[in-house]
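Structure, as structure tokens:
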Amino acid sequence: MDVDLLSVTPNEGVLANRTALITGAADGLGWAMATRFASEGARIVIADLNADKATARAGELVRGGSAAMAVEVDVTDEQSVAQMVEQVTGAYGGIDVLVNNAGITRDAVLRKMTLDDFRLVIDVHLQGSWLCTRAVVAAMRAVGTGGSIVNMSSISGKVGNPGQSNYSTAKAGMVGMTKAVAKEVARYGIRVNAIAPGLIKTAMTDAMDQDVLEASVQTVPLGRIGLPEDVADAALFLAGDHSSYITGCLLEVTGGRHM
């Protein structure tokens, strides 16, 4: 599914006349980044497994005056990723920014976690990011104008989190991948960085026990829970030219927690 809803993008903003492909962009942090990037002039690709919601989100951006298209993708599938990149480059001529944001959780303590749940989380976060990065780097090299890749890791990849041996492993792996790929592709003008969000207000935190959530917030030096917009602003910085001399970096968006 490929829906090109608007072909003209505003010519003002940090990402004016650039195409930003964001996986898992129909909800949560991905959607926050999509709206933030769009406000800075980017052509947005809402890439998501949920085709209907991706199309609806792209429509929202278009009604707001931005350029957007929706692409259905399974980031764990090599052919699906290849088709996504082909669709986007066919529509917009290239990809300037990739945000590897697609992710899931299958939490359980070690003794109760199944191998399937471990593999699925690794496949979506780590293998998915690798497949998208490999395909988009090839597209960026073909155009020859460089680009920026932002990998959404997590503070769980640094400090670990009980009940998330799969998720913490995947997010730690994304940091290693970020640094390795950054060294490989710097010669082509392509930068690769990662973000490690901490306690951010999402559907997951909304579902937490209020007492547990409040206790967690008390461990944040800045004294508040993070907002999706905090992460979106960090991603915008890494995507645009204000970070042109930064690559292989892990930017923690945690309010100082786990410093």
Side-chain angles (χ1 to χ4, degrees), residues 2-48 50 53-71 73 75 84-85 87-89 91-103 129 132-133 136-137 139-140 143 145-153 178 190-197 200-202 226-244 246-247 249 251 253:
D2 175 16
V3 181
D4 185 358
L5 295 170
L6 193 68
S7 60
V8 179
T9 188
N11 59 6
E12 297 180 354
V14 172
L15 298 179
N17 300 312
R18 299 185 192 183
T19 298
L21 166 59
I22 306 171
T23 66
D27 277 308
L29 294 181
W31 175 238
M33 288 183 280
T35 56
R36 186 69 181 94
F37 286 16
S39 74
E40 292 291 340
R43 295 178 289 261
I44 304 299
V45 181
I46 305 288
D48 205 282
N50 187 330
K53 191 150 196 180
T55 301
R57 289 300 203 187
E60 289 183 47
L61 292 178
V62 168
R63 287 189 291 275
S66 298
M69 63 183 290
V71 179
V73 65
V75 298
M84 171 186 69
V85 172
Q87 290 168 5
V88 176
T89 55
Y92 290 137
I95 300 169
D96 303 290
V97 178
L98 166 67
V99 181
N100 284 311
N101 171 74
S129 295
C132 291
T133 296
V136 169
V137 162
M140 288 177 172
V143 175
T145 56
S148 176
I149 297 172
V150 181
N151 294 320
M152 296 304 300
S153 181
T178 296
I190 301 170
R191 298 180 299 106
V192 188
N193 293 288
I195 295 175
I200 307 295
K201 183 174 174 55
T202 61
L227 301 176
E229 292 78 12
D230 294 318
V231 179
D233 284 341
L236 177 65
F237 168 68
L238 292 176
D241 291 341
H242 289 154
S243 59
S244 63
I246 298 175
T247 195
C249 170
L251 177 57
V253 184

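You'll find the side chain of V88 stays beyond 4.5 Å of the side chain of V85, heavy atoms only. By the 4.5 Å heavy-atom criterion applied to side chains, I46 and K53 are not counted as neighbours. Inter-residue side-chain proximity for V137 and V192 is flagged as unmet; no heavy-atom pair is nearer than 4.5 Å.
Expressed to the nearest 0.5 Å, how far CZ of F237 lies from CG of L251 amounts to 7.5 Å. Rounding to the nearest 0.5 angstrom, the gap separating the OG atom in S153 from the CG atom in N100 is 11.5 Å. In this structure, CD1 in I95 is found 14.5 Å from CZ in R18, a value given to the nearest 0.5 Å. How far OG1 of T35 is from CD of E229: 7.0 Å, rounded to the nearest 0.5 Å. Note that CD1 of I190 is 11.0 Å distant from CG of D96, once rounded to the nearest 0.5 Å. Note that CG of N17 and CD of E12 are 10.5 Å apart. Values are rounded to the nearest 0.5 Å.
Of all non-hydrogen atoms in P228 and A32, the two that sit nearest each other are CB-CB, 3.7 Å. The minimum heavy-atom distance between L29 and M152, with the atom names listed, is CD1-CE, 4.5 Å. Taking both residues in full, the closest heavy atoms of P197 and V231 are given as CB-CG2, 4.1 Å, listed atom of the first, atom of the second, then distance. In terms of heavy atoms, C132 sits closest to M84 at SG-CE, 4.1 Å. Q87 approaches V71 most closely through the heavy-atom pair OE1-CG1, 3.0 Å. Nearest heavy atoms, C249 versus T178: O-CG2, 4.4 Å.
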- Just do the side-chain contact (heavy atoms from CB on, under 4.5 Å) check on L61 and W31 with the steps written out, would you? CA-CA 10 Å; L61 292 178; W31 175 238; 3.8 Å; yes
- Message: Test side-chain contact (heavy atoms from CB on, under 4.5 Å) on V14 and D241; report intermediate values, then the result.
- Response: CA-CA 8 Å; V14 172; D241 291 341; over 6 Å; no
- Message: side-chain contact (heavy atoms from CB on, under 4.5 Å) for R57 and D27? Distances and angles first, verdict last.
- Response: CA-CA 9 Å; R57 289 300 203 187; D27 277 308; 3.7 Å; yes
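Side chain of R191 to backbone of S243: a donor-acceptor contact under 3.5 angstrom is found. With hydrogens and angles disregarded, no donor-acceptor distance shorter than 3.5 Å links the side chain of T89 to the backbone of G94. A side-chain donor-acceptor contact under 3.5 Å links N101 to the backbone of T23. Within the 3.5 Å criterion, the main-chain N or O of D230 finds no donor-acceptor partner in the side chain of D233. Listed for the D48 side chain is a donor-acceptor partner under 3.5 Å among the backbone atoms of N50. Remark: side-chain polar atoms of N193 are not paired, donor with acceptor, to backbone N or O of V150 under 3.5 angstrom. S148 contributes a side-chain N or O that, together with a main-chain N or O of L238, makes up a donor-acceptor pair within less than 3.5 Å.
Contact check on R63 versus E60 returns no salt bridge, with no Lys/Arg side-chain nitrogen under 4.0 Å from an Asp/Glu carboxylate oxygen.
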